[in-house]
Protein chains: 2
Amino acid sequence: MPTRGEDTRARIVTASAALFARQGYHGTGLSELLDAVGLGKGGLYHHIASKEQLLLEIMLEPIDRVLASSDRILAADTDATTKLRALGDDLGQAMAADLSAWTVFLREYSALGQDGKTQVLGRRQAYLDRWRRVLIDGAASGEFRPIDLAFVESILGLFIYTFVWARDDTPAQELTNSIMGVLMHGICTPTRSA
Amino acid sequence: MPTRGEDTRARIVTASAALFARQGYHGTGLSELLDAVGLGKGGLYHHIASKEQLLLEIMLEPIDRVLASSDRILAADTDATTKLRALGDDLGQAMAADLSAWTVFLREYSALGQDGKTQVLGRRQAYLDRWRRVLIDGAASGEFRPIDLAFVESILGLFIYTFVWARDDTPAQELTNSIMGVLMHGICTPTRSA
DNA sequence: CGTACCGGACCGACCGGTCGGTTGGTAGTG
DNA sequence: CACTACCAACCGACCGGTCGGTCCGGTACG
């Protein structure tokens, strides 16, 4: 029973994300993909358009996920401090759930074609805009110190890099706490940060 | 006059760092290197042992630089707060000075052989130990809140990712200030952070 | 029977690396 | 000084292998 339908496609995406994360996109040959998925070339190319399109798909999936959940967080009727915390927790959780894809997201941007770069860049900007908004709102309400907004660019790196390099035995929640601990203290006004 | 001596070798390292940063290690062919350096294959391989050894050299150079300067900073007779600030400034300066090599450092770890991975990992650990030490000393002297030491793993990512993704027109000092601003507030005890 | 699915022979381009050979500058010798 | 010996620097044809991708002939399920 050769697992029909979308099932196969999901297997392809998962397996190649793992391979790309471990060996890099250009460092992973078709033949390795084939072995990992258990298909021949024809079978693989029945499901995907090209190796590069596959890479793009891998990179868009995780960023789209946090993009969606960040919208939900922003929409809630809570103060900026709570939202900031939620944004961080959500990001940590997303990375732990799909570390391979995030690793690829961190490392393989340059392997994308011009088209893919534009798309990824757009999503990235959109996501960082969510953080920016919370930072601005929090500063306006007095919850946060006036933060240099350039710092927002750093947040993604702060998370991705940490998760990618963490020993696998460290629980995701612990990493997130460690990061958010410094972040909250660094951003909130002294009276609130205690 | 065909530029003799070590000169050529330096040109090779610089040029390939730039190429690897832009297109990735596996994404850069020998022929592109050849064009960039202005050599034939034989000429190139007269100077280097292999493409991979070249990659290792590119990645070791920047980390060795900050490793050395961090030793000087640690040796100084100053308080932990000053050292932390100095560590950050030095790192930012190093990255701005050699952004291509740092970009490769961020992205191409997986392209290294087992041997190279070990070397890079060792340097990375050694460098992070410098930060760890300052954090511990500062906590002991009461300058810093007791920080989760796992956070140290995040610091490199905080810097590299920011510098690699920054629009080129942002001055390095500004990026460093933005990062260190949050970092110092996040780490120092409230009475000192104001 | 149609059609979704798949294997594998096959393609040209390009990969990193080797090798035999040329060249131009320099040091040694009488 | 002339002459030789030597060698770092360099070239580019060439190597076997692998790359991503195409295509065609099945096969088996609905």
Side-chain angles (χ1 to χ4, degrees), chain A residues 1-59 104 107-117, chain B residues 1-59 104 108 110-117:
Chain A
M1 71 196 59
T3 33
R4 304 232 145 200
E6 279 301 302
D7 194 0
T8 305
R9 186 146 221 284
R11 255 176 48 235
I12 294 173
V13 175
T14 307
S16 37
L19 283 175
F20 292 171
R22 183 142 37 93
Q23 331 179 25
Y25 171 75
H26 287 300
T28 304
L30 249 346
S31 62
E32 292 168 280
L33 276 186
L34 266 18
D35 289 347
V37 178
L39 284 180
K41 284 197 175 188
L44 177 66
Y45 271 82
H46 173 75
H47 291 281
I48 69 170
S50 71
K51 194 188 166 198
E52 187 179 316
Q53 196 264 356
L54 179 57
L55 172 64
L56 179 59
E57 190 164 329
I58 292 173
M59 291 182 69
V104 175
R107 290 183 173 149
E108 302 295 345
Y109 176 78
S110 58
L112 253 17
Q114 192 48 57
D115 207 66
K117 281 184 181 168
Chain B
M1 68 194 57
T3 30
R4 303 238 144 199
E6 280 301 301
D7 194 359
T8 304
R9 186 147 220 285
R11 254 175 49 234
I12 292 173
V13 175
T14 307
S16 35
L19 282 176
F20 291 171
R22 183 142 37 93
Q23 330 179 30
Y25 171 75
H26 287 300
T28 304
L30 249 349
S31 64
E32 292 168 279
L33 277 186
L34 266 20
D35 288 348
V37 178
L39 284 180
K41 284 198 177 187
L44 177 66
Y45 272 80
H46 174 75
H47 292 281
I48 69 171
S50 70
K51 195 189 166 197
E52 188 180 314
Q53 196 263 0
L54 180 57
L55 172 63
L56 179 60
E57 191 164 329
I58 292 173
M59 290 181 71
V104 174
E108 302 295 344
S110 59
L112 252 17
Q114 192 49 59
D115 207 66
K117 280 183 182 168

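Below, chain A is the first sequence line, B the second, and so on; all start at residue 1. The model shown is predicted, which means the values in this text are computed figures rather than measured ones.
B/Glu52 places its CD atom 17 Å from the P atom of C/dC15, with the value rounded to the nearest Å. C/dC15 atom P lies 11 Å from atom CG of B/Asp35, rounded to whole Å. To the nearest angstrom, P of C/dA9 lies 13 Å from CG of A/Leu34. Rounded to whole Å, the distance from CG on A/Leu44 to P on D/dC19 is 14 Å. In this entry the distance linking OH of A/Tyr25 with P of D/dT18 reads 19 Å, nearest Å. If you take CG of A/Leu39 and C1' of C/dG7, they are 10 Å apart, rounded to a whole angstrom. Rounded to whole Å, atom P of C/dC6 lies 13 Å from atom CZ of A/Arg9. Between the CG atom of A/Leu33 and the P atom of D/dT18 there is a distance of 16 Å, rounded to whole Å.
Proximity of B/His26 to the phosphate of C/dC15: no side-chain N or O atom is located under 4.0 Å from OP1 or OP2. For A/His46, no side-chain nitrogen or oxygen approaches OP1 or OP2 of C/dC6 to under 4.0 Å. Not one side-chain nitrogen or oxygen of B/Lys41 sits closer than 4.0 Å to the OP1 or OP2 atom of C/dG17. Taking 4.0 angstrom as the limit, A/Ser31 places none of its side-chain polar atoms (N or O) nearer than this to OP1 or OP2 of D/dT18.
With distances taken from any side-chain atom of A/Tyr45 to the nucleotides C/dG17, D/dG20, D/dC10, the minimum falls on D/dG20.
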Run the numbers on B/Thr8 and B/Leu39 for side-chain contact (heavy atoms from CB on, under 4.5 Å), then give the verdict. CA-CA 10 Å; B/Thr8 304; B/Leu39 284 180; 4.1 Å; yes

Do B/His47 and B/Arg11 pass the side-chain contact (heavy atoms from CB on, under 4.5 Å) test, and can you show the C-alpha distance, the side-chain angles, and the key distance before you say yes or no? CA-CA 11 Å; B/His47 292 281; B/Arg11 254 175 49 234; over 6 Å; no

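With hydrogens and angles ignored, the 3.5 Å screen pairs a side-chain donor or acceptor of A/Glu52 with a backbone N or O of A/Gly113.
Taking CG from B/Leu44 and NZ from B/Lys41, the interatomic distance works out to 9.5 Å, rounded to the nearest 0.5 Å.
Heavy atoms of B/Gly27 sit nowhere under 4.0 angstrom from any nucleic acid atom. Note on A/Leu30: a base of the nucleic acid sits closer than 4.0 angstrom, heavy atoms only.
Take the nearest nucleotide of DNA chain D for A/Glu32 and for A/Gly43: the residue whose nucleotide is more 5' is A/Glu32. Residue whose closest nucleotide on DNA chain C sits further toward the 5' end, between B/Lys51 and B/Gly42: B/Lys51.
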Using distance only, find each side-chain donor-acceptor pair of residues 26-33 of chain B under 3.5 Å and give its atom names and separation, not counting sequence neighbours.
unit_1  : atom_1 : unit_2  : atom_2 : d
B/Thr28 : OG1    : B/Gly24 : O      : 2.7
B/Glu32 : OE1    : B/Gly29 : N      : 2.8
B/Glu32 : OE2    : B/Gln23 : NE2    : 3.3

